[in-house]
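Naming convention: chains lettered A, B, ... in sequence-line order (proteins, then strands); numbering from 1 in each chain. Atoms considered below: every heavy atom in the structure, side chains included; atoms not considered: hydrogens, waters and symmetry mates.
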2 protein chains.
Amino acid sequence: MKKNKKEVTIYDLAKELNYSPSTISRALNNHKSISKKTTKEIQKVAKKMGYRPNTIAASLRSNKTKTIGIMIARINRPFISSLISGAENTARKAGYNILISQSNDKYENEVSNAKALYDSRIGGLIVSLAMETKNLDHFKLFIDQNIPIVFVDRVPLEFNSYRVIIDNYSAGFRATQHLIDQGCKRIAHFAGAQHLNIYNLRKKGYLDALKENGLEVDEELIMDLETMSFEEGKEATDQLLNMDNPPDGIFSSNDTAAVSAILCAKEKGIKIPEELAIIGFNDDPISSIVEPALSTISHPAMKMGEISAQKILEHSVKKLDSNISEITMLDTEVIVRNSSNRQK
Amino acid sequence: MKKNKKEVTIYDLAKELNYSPSTISRALNNHKSISKKTTKEIQKVAKKMGYRPNTIAASLRSNKTKTIGIMIARINRPFISSLISGAENTARKAGYNILISQSNDKYENEVSNAKALYDSRIGGLIVSLAMETKNLDHFKLFIDQNIPIVFVDRVPLEFNSYRVIIDNYSAGFRATQHLIDQGCKRIAHFAGAQHLNIYNLRKKGYLDALKENGLEVDEELIMDLETMSFEEGKEATDQLLNMDNPPDGIFSSNDTAAVSAILCAKEKGIKIPEELAIIGFNDDPISSIVEPALSTISHPAMKMGEISAQKILEHSVKKLDSNISEITMLDTEVIVRNSSNRQK
DNA sequence: TTGTAGGCGTTATCAA
DNA sequence: TTGATAACGCCTACAA
């Protein structure tokens, strides 16, 4: 096997330049105690000799890394990949790396991923919880070491940490109100797993909007979908449309199931939005492509990622205590498209 | 500020158990020279005392990390996020972490990201090149240190490394052949940036399919789209359909532009697939939602990620020389949907 | 099977 | 402004 080219260290630079390693180190870090001239000279030679800092060694010394860990359920979802993209851009600008891990919505994976990220001595953690997660003990390790945690989107109810969320209650309320404004009287709801408060709050918003408008809540119209998948959306729609008194509107907690509802209803010859108005949640790319285009709630996914990373960067700079509790709530927007627009 | 809880080291375990640190180290790594009994005892106490290995220290010592770096243009694209997802799952199972970086298709970012990942002493690198990248010098650093590089999808023509790709030529040929089989005589092509061989080869396949079937190549039907965006797709379609002798088929090098073409043609009252048959590339989620559903070429994105990670893991185990050249070519599939199916 | 000792590359402290 | 030294936690060659 070929022998690796020996890497240049500050010792090599010290020998070359007749300075001590400490002077080299300081110059490379732009320490103010070193003269401008010396600093310049050292940096020039460092570049010429192809010196690359060993961040591992620096991390060992300082016991922290310029790395942010991200734990999410799955990367290949439009909302999540945009969120990561935002976080990466922000972190990168500040010289931070991004370490990612997927739980695939399994609690067990989340726990072991947390350990793996902890062992990598990340400087901060961004988390969107796995569907299964109810216990949060695996995050205590980080708190003990004063490593900031930012929960985003799927956040726990109680845990001292940063939280970056949208107002799911309000979004659910406004989505439902929108359908009511279009004349819907019997509005169904595709509700996700209720132990996740993103879904729980959307449902609460739905219920309150009905009540506030004097509409009856019919439990039969509330469909509990475990994973909010395309298939579950189809099943639920089938069931709803086979009722003696079918709904005239559906508020789905995600776009996947909502699109599925559109396709299913169309197949049955039901007119959208005249007979059935539909609104989803997330503003995934498919929502503007399906026909009729799906009304939905738009999330600022990329921005949520940026803010999450920003929180960690600030925390590190200010050396704050990780036992903090701060909530950042972002605005959502009701996007009205043809699946619910009866005013045309 | 709260003081961090002191972390448990192998020295603490050594003191607690009256063993030397080396014995502790060996036991934790399941070294065979330590007796089963001792190993078990040490691991039990380590767990009880909340010991977490410091991978930073281990990395400094061994001069390598269990981390795979990934460089891509943007995370929030269906193909890319699936590729990363596959790589992450495979890496995680082997105890490796994934570090990601986006170039946003800028050469400059790719260069600085390469340095950042190098400085993190990654154990291997997975790269899909930025649109702008033509020079590859920034990857030499890795070769010098015998760090394996796997280029995936957008790969360079010449560079000793692993390459994981699909047969773009064949896919382009078959997509075009499919349109010809449907009776198309004048087939347009949405060609991406030609210095990227994924696009270059798709175009070659298109050209050869035409020739092999005795169809004339009309340069006017070959649209050069810089970024293959939705907007560019619309413009190109507009232009094509305004011709005196418009095409009766379009092979687009991606789904985004193809979907755009469908929407644009429909708006003009053109019947798809009867008057205009369309096939895309990638099998993005939108392709099965648009109406009529888009025929396309499916990529095994997740699998490409898995294989890429696998290559790096194997390379590390076998301690191979990074100055290697190995190409893995994966199958693609022509997915026929209504946008091109005239046989119904 | 277990222990001793040195070093991975950097940086903070103290001294000059 | 610069230099000497120790320490971060782990691993491994060598010794016992």
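Of the listed nucleotides (D/dT12, D/dA4, C/dT2), C/dT2 has the atom at the smallest distance from the side chain of B/T38. In the set C/dT2, D/dT1, D/dA4, the nucleotide with an atom closest to the side chain of A/S20 is D/dA4. With C/dC14, D/dG9, C/dT2 as the candidates, the nucleotide lying closest to the side chain of B/S35 is C/dT2. Checking C/dT2, C/dT10, D/dG9 against every side-chain atom of B/Y19, the shortest atom distance belongs to C/dT2. The side chain of A/I34 lies closest to D/dT2 when the candidates are D/dT2, D/dA4, D/dG9. Of the candidates D/dT1, C/dT1, C/dG3, C/dT1 carries the atom nearest the B/S33 side chain, counting heavy atoms from C-beta on. Distances were taken from every side-chain heavy atom of A/L60 (C-beta onward) to each of C/dG9, D/dG3, C/dT10; the shortest belongs to C/dG9. For A/T9, the side-chain atoms get nearest to C/dG9 when compared with the rest of C/dA12, C/dG3, C/dG9. Here the side chain of A/N54 is nearest to one of D/dG3, C/dG9, C/dT2, namely C/dG9.
As judged by a 4.0 angstrom heavy-atom cut-off over every strand, A/K37 is placed among residues making no nucleic acid contact.
In terms of phosphate contacts, B/Y11 brings no side-chain nitrogen or oxygen within less than 4.0 Å of OP1 or OP2 of C/dT4.
One atom, CZ of A/R26, and another, C1' of C/dC14, lie 10 Å apart when rounded to the nearest Å. The distance between atom CD1 of A/I24 and atom C1' of D/dT2, rounded to the nearest whole Å, is 11 Å. A/N30 places its CG atom 14 Å from the P atom of D/dT2, with the value rounded to the nearest Å.
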Could you give me the CA-CA distance, side-chain angles and deciding distance for A/K15 and A/D12, then say whether salt bridge (charged side-chain N to carboxylate O under 4.0 Å, His left out) is met? CA-CA 5 Å; A/K15 215 174 285 172; A/D12 300 323; 5.2 Å; no
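Not less than 6.0 angstrom separates the ring centroid of A/F151 from the ring centroid of A/Y162. Checked against a 6.0 Å centroid threshold, the rings of B/Y118 and B/H138 do not count as neighbours.
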